[in-house]
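Values in this document were obtained by computation on a predicted structure and should not be read as measured data.
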Protein chains: 2
Amino acid sequence: MPTINDVARAAGVSASTVSYVLSGRRPISAETRARVQAAIAELGFHPHAGARALASSKTNVIALVAPLRVDVNVPVIMQFATAVVTAARAHNHDVLLLTKDEGTAGLERVAHSTMVDALIVMDLERDDVRIPALRRLKQPSVMIGLPADHAGLACVDLDFGAAAKLALTHLAGLGHERIGLVGPSPAVYRRQTTYADRFLTGFLEASAELNLRTLSHPCEPGAAGARECLADLDTDLPGVTALVVHNEEALRPLLDLLQASGRRVPEDISVVAVCPRDVATAMPVKLTSIDIPAHDVGTLAVETVMRLLDGRRVEYTRLLAPELVERDSCREISPTHR
Amino acid sequence: MPTINDVARAAGVSASTVSYVLSGRRPISAETRARVQAAIAELGFHPHAGARALASSKTNVIALVAPLRVDVNVPVIMQFATAVVTAARAHNHDVLLLTKDEGTAGLERVAHSTMVDALIVMDLERDDVRIPALRRLKQPSVMIGLPADHAGLACVDLDFGAAAKLALTHLAGLGHERIGLVGPSPAVYRRQTTYADRFLTGFLEASAELNLRTLSHPCEPGAAGARECLADLDTDLPGVTALVVHNEEALRPLLDLLQASGRRVPEDISVVAVCPRDVATAMPVKLTSIDIPAHDVGTLAVETVMRLLDGRRVEYTRLLAPELVERDSCREISPTHR
DNA sequence: GTTGACTGTCGAAGCGCTTCGACGATGGAG
DNA sequence: CTCCATCGTCGAAGCGCTTCGACAGTCAAC
């Protein structure tokens, strides 16, 4: 591996000149620059990342702390990860992948040993143990999610509260008054994952504002969970005419159950899903849905990191406005149901 | 951030002694070691990764080159990634996540700039452009997949050829003679992704050996693709009594179509799936399946990397034996069908 | 008693880069 | 013509760690 000194020798300049050609931090004559660049190309020189990190205190690596469990929402996690990696590369940064399982120790390890310049943290709980740890780090961090105590920490996410309101407003506009929420699994609520809480809160608020009869119910994974959830909703909210489904995994079994019991979507029951676009369109009935804009959120998280690293100002809380796309799963309620 | 010199001063020893306590490369008296460790703990010292990499030419980071497209097989990719990250951490290594899109340039960037000690490469095509690049690197690499020219490169994967044979042998043992293969999407074949080729080859070989009437057909994504695939199979292989499905995404629509057309699984048609265990058991009929052991493969890939880094011998090609688990989707063919 | 082999520790060199201060050369302002 | 600012380049220091060689001390073997 050639070093900067090899390049300097080949170009007939000093090592510092090569460094300045690379960084552009000092003016270099066009001629010298060309000679240096030729030498770099010819020797196939790549600066040693460790040496660079040591001398400049910059690694050009950001950590992505993601829950790598293989259960719900895998495609969504993947969309976030993809967006983060792509955006990071666009800023000449690489991504170190950490699991959530390592908890606080993982963050501290990579931060204290100066492996990364910044961190992006996913899957936050309301009172996440990682938050105090993040505050202590010298590296900036951006969270995807909105935990309770986020003062001074940058947060980026879909505005799930607004999403819930949007869903209910849409359904109310079509005349629905009895609306059930099929929520994430109880495990998600138990962990107080922030998006679940925020969605539920928005749902309840909008329900009151719009004067609706609503009921929310978590939904265990699998067909059995969907069956139980639907049965409970039917019992406790008889005559329910619309469902808001904030549970990607339950979507398919739910539709199957409705069909099996002879309830047509949207003729007999309307459905609004909160899920990635492609999931909504892959269903037998194309679902009216509110997209989870993983790509936008991931990209925004990286942009925020870069601003932080550059010392520019950032908005500490950025909640993206939800968008509802109408497809084939909602219908104005027929007079007979009123 | 405290440095090794701060620790040395606090413990009343030299920096090199601290280093030897950390690495264990030279004997240190128990007493000194205790003093040093106390100082490390007290100061919260973490060695600077860049400095360490510079001095030792080791980064304790491995690159994972994965296709981060959000299409087929996301959960499987995720399972690989999870296994790799977990296994790497168990060996005190971290994982840098690269996308396949960066192609050869990405590999060279991280390798030449000494960001990683080794690479794990996924989603290989038969004549993958990245292979010559990998050969040129000074870092060792392990491939998940089995490209055409893999001499001297470590490969790890499920033995898809054997998997196809296993599926056919199982079905033949139940008396099936007309068997269709629902393959991956044409795009996967077009890219000559190695698992698809190997499965198909094994399928054709076993088909000849067992004297079966078989037909293979790629399957476009979505319900429409499944419909077309099934229709073609029915036309070109009339009286087909069993399906081997090597396409996770097609599984569900396929079962729906069979049900819709009144063909019961397994009474009228048997199905063997090649997919992760949880996908097979999540179907309405629990599917007899051959598992894709992503966890084992990912772990083995990391183990192989570690052996390579230690200069130990490795088997350059490790194909894991497939295992077929019988569930509820296969049945001995009834005499009327013969 | 020597000798030799360890044991335990230290000092210094060096890994490859960035960055600061210095300095000759150039050129416009006065 | 001077003077000063700017341009373009260089040399040296230093980032924090590992590792090699050296060396004092200990102990068993002869």
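- With 3.5 Å as the limit, one finds no donor-acceptor pair spanning the side chains of S19(B) and S16(B).
- Residues H48(A) and I4(A) are not in side-chain contact: their nearest non-hydrogen atoms beyond the backbone lie 4.5 Å or more apart.
- At whole-Å resolution of the value, NE2 in H112(A) and P in dC17(D) are 14 Å apart.
- Within 3.5 Å, no donor on the side chain of Y20(A) pairs with an acceptor on the base of dC17(C), nor the reverse.
- Non-hydrogen atoms lying under 4.0 Å from DNA chain C are contributed by R25(A), R26(A), all within residues 23-34 of chain A.
- Using a 4.5 Å heavy-atom threshold, the side chains of M143(A) and D128(A) count as separate.
- Contacts with DNA chain C (heavy atom under 4.0 Å) in residues 43-63 of chain B: L54(B), A55(B), listed by number.
- Rounded to an integer number of Å, the gap from CE of M1(B) to P of dG14(D) is 22 Å.
- Applying the 6.0 Å contact sphere to CZ of R318(B) captures no more than 12 heavy atoms from other residues, nucleotides or ligands.
- When side chains are defined from C-beta on, D127(B) does not count as touching D149(B), because their heavy atoms never get closer than 4.5 Å.
- Using modelled atom types and a 3.5 Å distance limit, the side chains of R52(B) and S56(B) yield no donor-acceptor pair.
- Contacts of T3(B) with the nucleic acid, taken as non-hydrogen atoms under 4.0 Å apart, involve only primed sugar atoms and P, OP1 or OP2.
- V13(B) comes within contact range of the sugar-phosphate backbone alone, with a heavy-atom separation under 4.0 Å but no base atom that close.
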What nitrogen or oxygen pairs link the protein and nucleotides 23-26 of chain D at under 3.5 Å?
none

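- Taking side-chain N and O atoms only, S14(A) has no distance below 4.0 Å to OP1 or OP2 of dG11(D).
- Heavy-atom neighbours of R25(B) CZ from other residues, nucleotides or ligands within 6.0 Å: at or below the threshold of 12.
- Here the side chains of L22(B) and I40(B) are in contact, with some heavy-atom distance below 4.5 Å.
- Closest of all the heavy-atom pairs between A88(A) and I62(A) is CB-CD1, 4.0 Å.
- The nearest pair of heavy atoms linking A8(B) to A15(B) is CB-N, 3.6 Å.
- Remark: of the listed residues L97(B), V142(B), I120(B), I120(B) is the sole one forming a side-chain contact (heavy atoms from CB on, under 4.5 Å) with V84(B).
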